[in-house]
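Read the numbers this way: they start at 1 and go in the same order the structure lists the ligands and their atoms.
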Amino acid sequence: MNISHIEHIGIAVDNLKEAIALYEDVYGFKCYAIEEVADQKVKTAFFMVGNTKIELLESTDPEGPIGKFIAKKGVGIHHIAFATDNVTNALKEAEKKGVMLIDQFPRKGAEGLNIGFLHPKSTLGVLTELCGKE
Ligand code: ZN
């Protein structure tokens, strides 16, 4: 599926403002964007670490995916995202290989990228996102 790098690591947090402060104070990263993704019921903050981003995710609705995740598992690593040139094709390829999909087709994620999730039941318990421009 032509994966080039880890695009980002998504981390579920209780309080975005406090989490940003921690990432800036402890690691010296600079938050370059804060974005609300209404569809996903989250507010996100981004940091660049080399070619990879850290995506902090604060839930805007306890019934949203991050709200439910935190209620069940607590804060922490939520998903890993691989950069691919074509999300549509990558999802098709994964399905052909027997991977259960959360998204049959890509949808719009943060930063205007196409994203699609693979089901953690098929990927050793790791919620995996594929993202890219196509
Ligand atoms: Zn993500």
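At a cut-off of 3.5 Å, with distance as the only test, a side-chain donor of H79 or E55 sits close to an acceptor on the other residue. A side-chain donor-acceptor contact under 3.5 Å links N114 and K108.
Among pairs with a residue in residues 65-79, none fulfils salt bridge (charged side-chain N to carboxylate O under 4.0 Å, His left out), at least two apart in sequence or across chains.
Checked against salt bridge (charged side-chain N to carboxylate O under 4.0 Å, His left out), K30 has the following partners two or more places apart in sequence or in another chain: E24.
Applying the 4.5 Å side-chain rule to ILVMFWY residues, one finds that F105 remains a lone member of its cluster.
The aromatic rings of F47 and F29 lie tilted to each other, with the angle between the two planes from 30° to 60°.
Protein N/O/S atoms found under 2.8 Å from the Zn ion (ligand 1), listed by chain and residue number: H8 NE2, E55 OE1, H79 NE2, E129 OE1.
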